[in-house]
Number of protein chains: 2
Amino acid sequence: MVSKISMIEDKLKSMGYKLTSQRRLVIEIFEESPYHFTAQEIFDRVKEKSSNINFSTIYRNLELLCKLNIICKLNISSGISHFELMDTEHHHHHLICLNCGDMEKVDICPYNQLNKSKLEELGFVPTEHKFEIYGYCKNCSPNK
Amino acid sequence: MVSKISMIEDKLKSMGYKLTSQRRLVIEIFEESPYHFTAQEIFDRVKEKSSNINFSTIYRNLELLCKLNIICKLNISSGISHFELMDTEHHHHHLICLNCGDMEKVDICPYNQLNKSKLEELGFVPTEHKFEIYGYCKNCSPNK
DNA sequence: TTATGTGCAAAATCTTTGCACATTA
DNA sequence: TAATGTGCAAAGATTTTGCACATAA
């Protein structure tokens with residue numbers, strides 16, 4: 001019945017979490033697209049698949065997937081949380097258009113070149129980072 | 001009566017905005033501390049000064065100050081907006097502790113060293129950026 | 001069977017808005 | 001006085017939670 005058991009589903013199972021149809025639907029949406037979604041967008045996409053799901057189920061599953069480092073939460077100016085697949089192979093950040101709100105992935109990252117001496121000095125142990133560039137995308141650029 | 005008219009207040013005046021007591025209280029809080037505040041924290045601090053203020057007034061003023069680039073909005077994982085004085089002299093970013101939630105300012109910035117060719121390629125015109133390092137602060141570090 | 005997950009409804013949080021009244025310039 | 005700002009109350013939006021029922025393993 002299930003043609004493709006994804007690595008994510010295997011991971012959940014192996015950690016003792018159940019594979020419900022709702023949970024599978026949420027995971028499918030992330031797997032189908034390398035993009036990021038709000039809880040609302042996930043809700044809508046599940047509906048499109050003519051399946052039903054409850055908002056609390058979505059939030060509870062997003063929380064679980066975040067906790068397991070399968071997805072991560074992006075916090076952008078709008079105040080609405082966006083979630084996207086944790087992509088350990090293609091580390092990236094985002095360009096965010098101040099006009100149209102579009103968020104484009106870019107595979108640039110300043111972290112490795114960063115001088116970490118300040119962190120050591122402060123006794124701060126880094127585990128992750130976020131880098132966002134705000135501005136105007138190709139379509140919204142004023143000098144276009 | 002007003003002993004120190006700040007540059008911010010001058011700026012507002014010169015742009016045709018009125019200097020109300022509520023607005024002055026909000027600005028004072030930012031001027032008194034190089035730290036960041038939530039709307040709630042600003043509300044509490046104004047109350048401490050035994051002055052009254054309404055939440056909508058706070059939000060409306062924060063919006064205005066953001067628009068005028070006097071303060072800026074920080075978006076962190078919690079989902080609550082934090083605001084801090086725009087500090088053009090001391091550009092900085094934040095270290096955010098995943099345990100206690102503390103946000104520490106650091107004067108490191110990877111932006112200038114960043115190779116911008118990718119942005120040009122994409123036709124993206126950058127205007128600002130955010131860089132946050134998550135991890136564990138000195139007090140919460142596991143290897144302490 | 002039993003631990004885990006879901007749906008539902010309600011609440012909690014944070015933020016925004018309309019409108020009448022108040023205040024600054 | 002005229003434009004701008006505030007308070008109030010209500011609504012919006014997003015997210016969380018308690019509890020009974022449902023389901024995967």
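Reminder, nothing fancy here: chain letters follow the sequence lines and each chain counts from 1.
Look at NE2 on A:His82: it is 13 Å from C1' on D:dA13, rounded to the nearest Å. As a whole-Å value, the separation of A:Asp44 CG from D:dA13 C1' is 14 Å. For the pair A:Ile42 CD1 and C:dT6 P, the interatomic distance rounds to 13 Å; values are reported in whole Å. For the pair A:Ile80 CD1 and C:dT13 C1', the computed distance is 15 Å after rounding to whole Å. Between the CD1 atom of B:Ile53 and the P atom of C:dT23 there is a distance of 14 Å, given to the nearest Å. Rounded to an integer number of Å, the gap from CG of B:Leu25 to P of C:dT24 is 12 Å. When the C1' atom of C:dA22 is taken as reference, atom CD of B:Gln22 falls 10 Å away, rounded to whole Å. At whole-Å resolution of the value, CE in A:Met15 and P in C:dT4 are 12 Å apart.
In the region residues 54-63 of chain A, proximity to DNA chain C at under 4.0 angstrom, judged on heavy atoms, holds for A:Asn54, A:Ser56, A:Thr57, A:Arg60, A:Asn61.
Closest to the side chain of A:Arg23, out of C:dG7, C:dG5, D:dT15, is C:dG5.
By the side chain to side chain contact (heavy atoms under 4.5 Å, CB included) test, A:Tyr59 is found to be paired with A:Ala39, A:Phe55, residues two or more places apart in sequence or in another chain being considered. By the ring pair (Phe, Tyr, Trp, His ring centres under 6.0 Å) test, A:Phe30 pairs with A:Phe37, sequence neighbours left out. Listed by chain and residue number, A:Phe131, B:His93 satisfy the ring pair (Phe, Tyr, Trp, His ring centres under 6.0 Å) test with B:Phe131 (two or more places apart in sequence, or in another chain). Taking B:Glu32 as the reference, B:Lys49 meet the salt bridge (charged side-chain N to carboxylate O under 4.0 Å, His left out) condition, with sequence neighbours excluded. Taking the salt bridge (charged side-chain N to carboxylate O under 4.0 Å, His left out) definition, one finds that A:Glu84 meets it with nothing, sequence neighbours left out. With sequence neighbours excluded, no residue forms a salt bridge (charged side-chain N to carboxylate O under 4.0 Å, His left out) with B:Glu121. Residues passing the ring pair (Phe, Tyr, Trp, His ring centres under 6.0 Å) test with A:Tyr17, sequence neighbours excluded: none. For the salt bridge (charged side-chain N to carboxylate O under 4.0 Å, His left out) test, residues two or more places apart in sequence or in another chain that qualify with B:Lys118 are A:Asp107. Every side chain to side chain contact (heavy atoms under 4.5 Å, CB included) that A:Asn54 has, sequence neighbours left out, goes to A:Ser56, A:Thr57.
Atom CD of B:Glu128 sits in a crowded spot, with more than 12 heavy atoms from other residues, nucleotides or ligands closer than 6.0 Å.
Summary for the helix from C:dT1-D:dA25 to C:dA25-D:dT1: the axes at its two ends, each from 5 pairs, differ by 40° when rounded to the nearest 10 degrees.
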Original post:
Which letter, B, S or -, goes with each nucleotide of nucleotides 20-25 of chain D from 5' to 3', with contact meaning a protein heavy atom under 4.0 Å?
Top reply: ---BBS

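In this structure, CG on A:Asn69 lies 4.0 Å from CE on A:Met86, to the nearest 0.5 angstrom.
With the nearest nucleotide of DNA chain D identified for both A:Phe83 and B:Leu64, B:Leu64 has the one nearer the 5' end.
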